[in-house]
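So the structure is just underneath, and the comments pick up after that.
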Amino acid sequence: MAKFSIGMDLGTSTSEVAVYRNDRYEALLDPRTQSAIVPSLVAVSAAGELLVGQEALSRVDQPGFGVREVKRLMGTDATVSLRGETYRPEEVSALILRKLKHVAEVSLGESVSDVVITVPANFPDQAKAATHNAAQIAGLNALRLINEPTAAAMAFGVKNLEREEQLVVFDFGGGTLDVTTLEMVSGIMDVKSSFGDTKLGGKDFDDRMIDLILRKFHATGARTDHLSDVRRELKAFAESAKKDLSTRREAEISVARFGQKGGEMVNLEVRITREEYEDEIASLLDRARTVLKTALQSGKLRPSSIGRILLVGGTTYIPAVRDLVSEAFGKPGSTEIHPDLAVAYGASVQAAIIQDLISSETGLIVADIAPIGIGIDIMSDVGGQRMLMYEPLLMPNQKIPVMVERDYSLMSADQRELEIEILQDPTGKAKLATDAVKTDIIGRITDIPPNQSGNPHPLKVAFSYDLNGMIRLRAWIPGLDKSLDIGVAATASRMSDEQKAQASDRIDEIWKSSPYSRQFESLIRKGERLVGEKGDEAKPISESLIELKSALAEGNESRIETAGGMLADAIFDLEG
Amino acid sequence: MAASLYEMLGVTPDASPAEIKRAYYNLIRKHPPEKEPERYRLINEAWSVLSNEESRRSYDETSLYGDEVEALMDAARRAEEEENWATAVQKLKMALALTPTADYILNRLALVYAYDNRFPEAVKSLEKLTTRVPTVPVYWSNLGEIFLRQADWQSENGQEKEKTPSLEKGRAAFETAYRLEPYNQKHLLGVSRCYKAEKNYPQAIAYARRAITADGEVDYSDFDTLFEIAFLHVLTDDWDGLQKVVGEINSVTPSDPEIRGYVASRFARLASELFGAGGYSDAARIGIHALTFQDASARAELEKMVTFYRYVAGANEEMGAFSGDQRLPVPLRYFAYLSYMKAVDEPLEDHDDEFQEAWTNFLRGDGDHRLALLILRMEYPHLYWLQDNVYDKLAEQLKLDLRQGPDPMGDGFRPLNMAEDSAPQRTITKPPVAKPPVARPVTGPTLRESRATLPNNLTRPPNQGLALPFAGGVLGFFMGAVFATPLGGAGVVITGIIGAWIGVSLGKWLRRIVGG
Ligand SMILES: Nc1ncnc2c1ncn2[C@@H]1O[C@H](COP(=O)(O)OP(=O)(O)OP(=O)(O)O)[C@@H](O)[C@H]1O
Ligand SMILES: [Mg+2]
């Protein structure tokens with residue numbers, strides 16, 4: 001049995017890793033920064049070093065040298081470029097996960113492989129598949145992908161097993177807003193509903209800040225060119241001004257030689273008050289209010305019946321956001337579980353449940369849901385017209401796992417091929433296929449022999465949605481050897497094993513150029529020199545060299561750490 | 001059936017909601033998702049049905065009385081087939097007593113009431129249903145259908161239907177169905193039919209037009225609606241409008257000769273009905289449109305029919321001047337008149353004798369036979385044609401060459417640019433002489449085949465519908481059953497429904513023309 005369990009929150013803006021052991025969870029700290037919060041940033045230094053997390057901050061906004069918010073690209077075909085090389089979003093995410101693995105291994109002094117990773121409740125299927133692949137590429141075994149808000153609630157639940165109440169998780173992060181309703185009964189977290197806006201997050205609040213700064217700057221008569229570069233340059237300043245305003249009434253932004261005025265370079269010096277900023281973000285707050293209202297409706301809950309609102313995610317630090325929560329519920333949101341760490345905590349709790357560190361007889365149990373409805377398109381007779389309709393297989397907020405089998409038929413006896421696409425229905429209201437959201441997960445059956453009986457062939461469809469939120473759909477014509485098998489859990493996992501292995505090697509290669517790996521390079525070079533010079537006398541050095549190299553090759557951070565220490569000691573002993 | 005949902009949760013069917021809830025949480029603790037995902041899944045399926053008051057009640061009803069209800073529904077179905085409405089009503093009411101929340105049974109009951117012309121009861125049932133579940137479009141459209149039928153029935157029984165407010169209510173019901181299902185053209189057609197029944201043809205046309213585009217495209221599957229619009233244009237004597245619609249029909253009709261033959265036959269049948277109602281020139285015009293669609297191989301018969309309509313239409317027009325034409329001897333006028341009546345199939349007593357007598361009287365009478373024949377040939381070519389072999393023989397005897405006379409086919413009827421023409425009005429009650437070609441079944445529109453599957457609701461086992469954890473699932477199954485039994489005939493295909501409806505209302509419309 002495992003001694004500890006690891007959970008990872010792979011966020012849009014920040015990522016965290018937590019451990020569950022000895023009946024409690026705790027966040028693990030980046031050994032360099034001594035902070036639990038690892039910015040989700042990847043950059044390459046001028047010298048070609050890989051920088052992940054805090055150390056990437058100074059480079060990340062240089063075009064072509066850094067990547068921010070890669071989570072928003074997960075599951076898409078977009079690529080990003082780093083120092084002239086293109087990467088898939090999976091690979092960049094893998095580097096962040098690799099960093100978290102490193103943080104965990106260094107802090108725990110043990111190698112880490114089995115982890116639970118969180119994903120937004122409304123993450124598209126492909127994005128979940130991409131996350132799964134990213135874990136594999138990073139050398140991790142994803143025990144489970146779970147919904148972020150559910151995880152946050154678990155961090156609360158595991159500490160409050162006796163409590164019986166309705167609660168809401170208000171998770172407002174860097175990229176998404178998710179509102180989840182749950183009921184706690186005798187140690188069981190019963191998730192009722194989850195509703196969100198996948199395109200509303202701290203990033204949008206940064207954009208508004210950038211607008212405001214630029215407007216004020218231009219009002220002084222100064223000019224700027226290349227708007228996209230200018231905005232990119234301002235991003236870090238804007239984000240820190242935004243954070244300042246969460247605790248102060250006024251923020252100051254100054255950037256040297258930012259624009260021109262009268263043919264001369266001028267500095268940007270702008271002051272922004274909290275009131276000005278709140279005016280600027282009014283429409284974002286409105287959207288958040290709408291999400292909150294819809295979420296309560298879909299959970300069939302009245303605000304007054306809610307016992308507790310857990311605030312999760314960095315954007316909930318904004319006072320106006322806190323205000324809108326208190327207004328909606330008539331009581332303030334709670335920060336008793338650290339808003340930045342709750343999700344990672346909960347992920348470690350889920351890992352502990354899976355790895356039996358938490359007893360199923362007495363410990364926390366979670367009954368989770370699928371927030372988005374899933375179905376397929378079928379041709380149907382509507383008022384004498386054949387129409388492509390949405391056929392639900394899973395309703396939004398249905399408990400998972402799910403398995404259904406349905407009977408259909410082809411349209412005619414001589415139909416030669418058919419096509420099925422998996423569709424999503426976030427609201428549960430789709431009727432026509434066009435009301436639903438396409439996933440591009442499509443399967444076909446071709447070369448169907450005509451049915452001699454003159455009737456159309458029957459068609460069976462089996463659909464499942466597992467605890468990871470992975471879908472699988474099979475369809476077959478009974479009696480014929482004709483079938484299809486699609487879904488993230490089946491063929492459409494986006495990357496082949498070979499592609500994943502390649503990506504994994506590539507990530508290993510880049511990882512070796514991280515300062516952490518490089519810090520051993522000079523040590524190794526020195527050790528090798530000493531072995532050459534002193535021969536047998538340097539035997540302890542050559543032994544620890546072998547150990548260090550194999551640890552480096554394996555990528556096992558804690559072994560690297562230990563072997564590195566041994567080597568340093570051996571060199572010290574010989575020279576000292 | 002597998003273990004009941006109650007057994008799955010380990011409670012009795014009379015368990016209180018609190019007991020069920022407690023049992024559910026205890027079971028989850030005993031069979032957590034991590035350890036027993038399959039058991040856990042089944043527990044949740046049971047819970048999702050039993051935790052909701054409504055779905056629990058409908059599950060209770062179905063599982064307790066499922067077999068009895070099924071038997072009653074079977075009995076009701078048999079009674080319906082025998083048109084034994086009273087028995088059907090009784091069986092359905094018994095089924096409803098067992099499962100009062102089974103919407104599909106109440107819907108069925110309303111339809112049976114309607115078949116039995118018990119409209120107030122039918123309306124009451126459906127109003128109850130649409131109040132209880134206002135989001136099911138088919139209940140609204142059935143309500144609309146019932147108002148339509150009621151109006152029909154009232155007018156057949158001497159009450160003027162355009163004065164009854166039920167058509168307005170019918171329109172409102174169809175409009176609601178349309179709001180719920182904006183892509184279903186049937187609802188817009190329902191509104192159109194109400195307007196038609198109210199003799200508000202422009203609105204009827206407008207709604208039928210909207211129906212065509214309800215699914216986003218105009219194609220051959222819209223043929224029935226286009227044909228209906230064509231018919232509405234005939235009703236309003238809007239020949240330009242008709243022309244345009246025929247053009248549209250032409251452009252959506254595929255080149256498959258069988259399909260074109262079917263379209264031709266629909267026009268031909270309409271033409272023959274118009275002819276039978278005394279609308280000779282209308283029949284000729286529509287007949288010409290039928291020709292547009294008929295391919296060469298099967299054209300001859302249809303052409304013969306259209307030619308006949310055109311002669312009769314021409315003759316009908318000539319009749320007015322002809323009967324008062326003093327230049328012609330009375331016996332000849334009478335003979336030509338009889339020939340005309342025979343052509344339009346007016347019942348004639350002892351007509352053979354009368355023909356003979358009139359002709360003999362003409363031949364015996366004095367006056368210039370040559371001149372009379374000449375006038376007949378030159379000025380009344382259509383009337384001449386109706387008995388041309390008799391006249392021709394006489395002309396030959398009189399050494400009269402009439403070949404240079406006007407072409408009776410030069411009557412201005414053209415498929416795509418017809419001259420203005422006033423419709424003749426005469427009292428005729430019998431069907432026409434010429435028989436239209438027999439309608440052939442449509443081979444069906446070609447559809448995108450790779451978009452595959454048609455739901456097979458009827459073959460989906462009912463158990464599955466019930467086992468679905470969501471009320472939506474259960475409803476979906478029942479709705480499938482409802483769709484399969486639309487009001488207005490056993491046919492599922494709309495062709496059948498419209499066909500029947502034209503059949504019914506045509507009679508009345510004919511009376512309108514005929515009655516002047
Ligand atoms: N004190 C603060 N005031 C305002 N905003 C803050 C503050 N601290 C962090 N944020 C913002 O919160 C966001 C990051 O929140 P968080 O780390 O919870 O998101 P994430 O987990 O990365 O994103 P997601 O969960 O949407 O993928 C960033 O936009 C950041 O600027
Ligand atoms: Mg987050």
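Just so it is clear: chains get the letters A, B, ... in the order the sequence lines come, proteins before strands, and each one is counted from 1. We use all heavy atoms of the structure for the numbers below, so side chains are in, but hydrogens, waters and symmetry mates are not.
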When rounded to the nearest 0.5 angstrom, what is the spacing between [atom1] in [X] and [atom2] in [Y]?
{"X": "A:Ile188", "Y": "B:Asn26", "atom1": "CD1", "atom2": "CG", "value": "7.5 Å"}
{"X": "B:Asn44", "Y": "A:Gln398", "atom1": "CG", "atom2": "CD", "value": "9.0 Å"}
{"X": "B:Trp47", "Y": "A:Asp190", "atom1": "CH2", "atom2": "CG", "value": "7.0 Å"}

Contact class of [X] relative to chain B, heavy atoms under 4.5 angstrom:
{"X": "A:Arg444", "answer": "neither"}
{"X": "A:Ile400", "answer": "backbone"}
{"X": "A:Thr362", "answer": "backbone"}
{"X": "A:Val461", "answer": "neither"}
{"X": "A:Asp356", "answer": "side chain"}
{"X": "A:Met403", "answer": "both"}

Can you sort out the partners of A:Asn160 under side chain to side chain contact (heavy atoms under 4.5 Å, CB included), two or more places apart, ordered by chain and number? A:Phe156, A:Arg163
Of all heavy-atom pairs between [X] and [Y], which one has the smallest distance, and what is that distance?
{"X": "B:Arg29", "Y": "A:Ser186", "answer": "NH2-O, 3.2 Å"}
{"X": "B:Tyr24", "Y": "A:Ala367", "answer": "OH-CB, 4.3 Å"}
{"X": "A:Asp368", "Y": "B:Tyr40", "answer": "N-OH, 4.0 Å"}
{"X": "B:Pro37", "Y": "A:Pro401", "answer": "O-CG, 4.1 Å"}

Going by salt bridge (Lys or Arg N to Asp or Glu O under 4.0 Å), name the pairs with one or both residues in residues 15-26 of chain B, residues two or more places apart or in two chains.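 Residue pairs with at least one partner in residues 15-26 of chain B: A:Glu183-B:Lys21.
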Under 3.5 Å: donor-acceptor pair, side chain of A:Lys399, backbone of B:Ser48: no
Do A:Gln350 and B:Glu34 touch side chain to side chain, with heavy atoms closer than 4.5 Å?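 A:Gln350 reaches B:Glu34 side chain to side chain.
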Would you say the side chain of A:Ile365 lies within less than 4.5 Å of the side chain of B:Tyr25, judging by non-hydrogen atoms? no
